[in-house]
Amino acid sequence: MSGSGAQVQLPLAVALRDSATFGSFYAAGNEAVVHALRAADEAFVYFWGVHGAGKSHLLQAVCHHAVDRRVSAGYLPQGERANLRPAALDGFERQQVVCLDDLHAVAGLPEWETALFNLFNGLRERGGRLVVAAEAAPAALKMGLPDLSSRLASGAVFRLAELDDAGKVAALQHRARRRGFEMPDAVAEYLLSRCPRDTYSLFALLERLDHASLAAQRRLTIPFVRTLL
């Protein structure tokens with residue numbers, strides 16, 4: 001991906017979602033972490049939360065935001081380690097902003113930990129920024145490399161709060177408006193009662209419903225949604 005003279009470094013078969021921006025993220029309850037990520041005042045930010053809380057969305061939003069400001073960036077989801085080796089990090093230290101996803105997936109793997117430690121030091125020497133997301137706090141990752149553990153606890157650390165049901169309804173409606181349509185309360189509540197409740201699954205379903213409603217030239221109503229589930 002490129003734009004305004006800046007690029008995002010990505011491993012093969014990894015792409016940023018165009019919709020993963022700060023504007024499309026429903027930030028209620030997570031205003032502090034969103035502010036920290038957008039402001040770019042902290043050289044190192046670590047945030048964590050459960051699967052589906054929006055971590056990947058925010059990391060990719062950081063990359064989009066960097067490109068908009070003509071800042072080079074890199075994004076690597078370490079949960080894809082079955083297809084990636086630590087060498088995938090080569091060259092990331094030359095980026096001005098680096099976003100690492102799923103850090104928990106490589107905890108305890110010596111080659112990955114060494115590569116991450118070297119990346120951390122390389123970015124610090126060059127004045128780069130590192131943003132990391134995981135499913136657990138730094139101390140809970142049980143890294144085998146003590147120096148890496150201390151590095152991970154050295155910056156700004158945030159827990160990404162989960163949305164309650166009312167928040168998920170509001171988030172669905174916020175995302176729908178960003179896509180150019182309105183989602184009635186009853187439809188959003190129906191989806192919560194019938195579908196996986198994590199926001200990742202709900203937003204993926206929202207995208208599918210949007211495409212289906214456009215193709216059928218129908219509004220999102222409960223009877224229409226019922227035919228698609």
Side-chain angles (χ1 to χ4, degrees), residues 6-11 14 16 20-22 25 27 30-50 53-81 84 86-161:
Q7 294 183 336
V8 177
Q9 180 179 347
L10 300 166
V14 174
L16 298 184
T21 64
F22 285 122
F25 185 79
N30 288 302
E31 293 89 350
V33 63
V34 172
H35 175 76
L37 295 175
R38 293 193 70 151
D41 294 330
E42 299 282 353
F44 174 52
V45 178
Y46 182 114
F47 66 100
W48 60 282
V50 300
K55 299 184 296 297
S56 299
H57 184 121
L58 286 174
L59 287 177
Q60 294 187 27
V62 170
C63 291
H64 284 301
H65 189 56
V67 169
D68 289 343
R69 295 182 294 115
R70 302 188 180 186
V71 172
S72 65
Y75 172 76
L76 187 139
Q78 292 158 294
E80 304 293 331
R81 71 180 188 278
L84 296 174
L89 288 171
D90 290 351
F92 272 70
E93 74 281 355
R94 293 191 291 271
Q95 304 301 326
Q96 292 167 281
V97 177
V98 173
C99 295
L100 301 179
D101 208 348
D102 305 316
L103 186 68
H104 55 276
V106 297
L109 301 180
E111 291 184 3
W112 272 103
E113 290 191 10
T114 298
L116 289 167
F117 181 71
N118 292 335
L119 172 64
F120 197 111
N121 291 335
L123 283 170
R124 186 166 62 177
E125 290 171 4
R126 293 169 178 263
R129 186 183 193 219
L130 179 62
V131 183
V132 174
E135 290 186 357
L141 287 184
K142 298 180 180 179
M143 290 287 184
L145 192 61
D147 287 342
L148 178 59
S149 294
S150 64
R151 294 286 194 280
L152 295 177
S154 67
V157 178
F158 299 90
R159 180 177 183 177
L160 201 59

Checklist outcome for this item: The side-chain contact (heavy atoms from CB on, under 4.5 Å) partner of Val132 among Phe47, Phe44, Trp48 is Phe44
Checklist outcome for this item: What one should report as the nearest heavy-atom pair of Asn30 and Ala161 is OD1-N, 2.7 Å
Checklist entry - Is a side-chain N or O of Asp102 found less than 3.5 angstrom from the main chain of Pro77, in a donor-acceptor match? => result no
Next on the checklist: I'd like to know if the side chain of Glu135 reaches the main chain of His104, judged simply by a donor and an acceptor atom lying under 3.5 Å from each other, with no hydrogens or angles considered.
Outcome noted: no
Checklist entry - Any idea how His57 and Phe25 line up, ring-wise: parallel (<30°), tilted (30 to 60°), or perpendicular (>60°)? => result tilted
Next on the checklist: I'd like to check Leu84 versus Gln78 (side-chain heavy atoms, cut-off strictly below 4.5 Å). Are they in contact?
Outcome noted: no
Checklist entry - Judged by atom type as modelled, is there a donor-acceptor pair below 3.5 Å linking the side chain of Ser72 to the main-chain atoms of Gln95? => result no
Checklist entry - About how many Å separate CE of Met143 and CG of Leu148, when rounded to the nearest 0.5 Å? => result 5.0 Å
Next on the checklist: For Leu58 and Phe22: C-alpha separation, side-chain torsions, deciding distance, then whether side-chain contact (heavy atoms from CB on, under 4.5 Å) applies.
Outcome noted: CA-CA 7 Å; Leu58 286 174; Phe22 285 122; 4.1 Å; yes
Checklist entry - Between Tyr46 and Leu141, is any pair of side-chain heavy atoms under 4.5 Å apart? => result yes
Checklist entry - Any donor-acceptor pair under 3.5 Å linking the side chain of Lys55 with the backbone of Gly49? => result yes
Next on the checklist: Is any side-chain heavy atom of Leu89 closer than 4.5 Å to one of Val98?
Outcome noted: no
Checklist outcome for this item: One should read off an interatomic distance between Thr114 OG1 and Leu109 CG, to the nearest 0.5 angstrom, of 10.5 Å
Checklist outcome for this item: When every non-hydrogen atom of Pro146 is compared with those of Gly144, the smallest separation belongs to CD-O, 3.2 Å
Item to check | Nearest atoms (heavy-atom pairs only) where Cys63 meets Cys99 | outcome: SG-SG, 3.9 Å
Checklist entry - Roughly how far, to the nearest 0.5 Å, is the CG atom of Leu16 from the CD atom of Gln60? => result 5.0 Å
Checklist entry - With a 4.5 Å heavy-atom cut-off, do Leu59 and Val131 have their side chains touching? => result yes
Checklist outcome for this item: Output for pair (Gln9 CD, Leu76 CG), nearest 0.5 Å, gives 8.5 Å
Checklist entry - How many angstroms lie between atom NE2 of His64 and atom OH of Tyr75, to the nearest 0.5 angstrom? => result 10.0 Å
Checklist outcome for this item: When rounded to the nearest 0.5 Å, the distance separating CZ of Phe92 from CG of Leu119 is 8.0 Å
Item to check | Heavy-atom pair of closest approach, residues Pro86 and Ala115 | outcome: CB-CB, 3.9 Å
Next on the checklist: Taking Asp147's backbone N and O only, do any of them form a donor-acceptor pair with Ser150's side chain (distance below 3.5 Å, no angle check)?
Outcome noted: yes
Next on the checklist: Is any side-chain heavy atom of Arg124 closer than 4.5 Å to one of Arg151?
Outcome noted: yes
Item to check | Sidechain-backbone polar pair: Arg129 side chain, Glu42 backbone, donor-acceptor under 3.5 Å | outcome: yes
Next on the checklist: Can you confirm whether Leu152 sits close enough to Leu116 that some side-chain heavy atom of one is under 4.5 Å from a side-chain heavy atom of the other?
Outcome noted: no
